[in-house]
Amino acid sequence: MHYWLMKSEPDEASIDDLATATGQALPWTGVRNYQARNFMRDIMRIGDGVLFYHSSCAEPGVAGIAEVASTPYPDPTQFDPASPYFDPKSRPEAPRWTLVDVRFKKKTRLIPLGELREHPELTSMRVLAKGNRLSITPVSTDEWRFITTRLAR
DNA sequence: GCCAACGTTGGC
DNA sequence: GCCAACGTTGGC
């Protein structure tokens, strides 16, 4: 069992979009970073906990709780020339980009990035590291517990 | 819109 | 394999 923080731009897919999606689940399309891909491909398991994070928006922060809902499979957008995530170098017989489905669990209050930084319990969170740009980062069990039991209301 | 930080590309 | 140039991320 692992825990994760996954960034999504609310303009593209917000926590409300996830809650109202068919089956309350969405394929995590568009990851084009090998480290983030490898987390999904190699380490994630169905049922892993996910902090759903809103990024590149007016109020960046944790917006809800979700869970990993599928085993890894090829991201279909890599083969779609009309998609912004199209990757001409990826071939169907050897897909380069893999994703998982993520399912809604619950909405939380918006826990702002600045508030996460205030808590000594969270200072080693990967997402808070200087210069971090990874869209998927591991969350420790202690960090998960602190955020879901103390901060999420 | 700015820009720091980082990842990728490609010439050599 | 090195590394400069370039593109992207994402908070502010």
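Everything numeric here is computed off the predicted structure, so don't read it as measured data.
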Chemist: Is the NE2 atom of A:His119 crowded by more than 12 outside heavy atoms at less than 6.0 Å?
Modeler: yes
Chemist: Going 5' to 3' along DNA chain B, between which two nucleotides do contacts with chain A fall, using a heavy-atom cut-off of 4.0 Å?
Modeler: B:dA5 to B:dT9
Chemist: Answer yes or no: is there a donor N or O on one side and an acceptor on the other, between the side chain of A:Arg96 and the main chain of A:Asp87, under 3.5 Å?
Modeler: no
Chemist: Distance check, rounded to the nearest 0.5 Å: A:Ile15 atom CD1 versus A:Phe104 atom CZ?
Modeler: 5.5 Å
Chemist: Apply side chain to side chain contact (heavy atoms under 4.5 Å, CB included) to the pair A:Asn132 and A:Val127, showing each step before the final yes or no.
Modeler: CA-CA 6 Å; A:Asn132 169 73; A:Val127 73; 3.9 Å; yes
Chemist: Where along residues 56-66 of chain A does a heavy atom fall under 4.0 Å from DNA chain C?
Modeler: A:Ser56, A:Pro60
Chemist: Of A:Tyr3, A:Trp4, A:Tyr34, which is the lone residue that meets ring pair (Phe, Tyr, Trp, His ring centres under 6.0 Å) with A:Phe39?
Modeler: A:Trp4
Chemist: Between A:Gln24 and A:Ala21, is there a donor-acceptor pair closer than 3.5 Å when you use the side chain of the first and the backbone of the second?
Modeler: no
Chemist: Excluding sequence neighbours, so at least two apart, what forms side chain to side chain donor-acceptor pair (under 3.5 Å) with A:Lys106?
Modeler: none
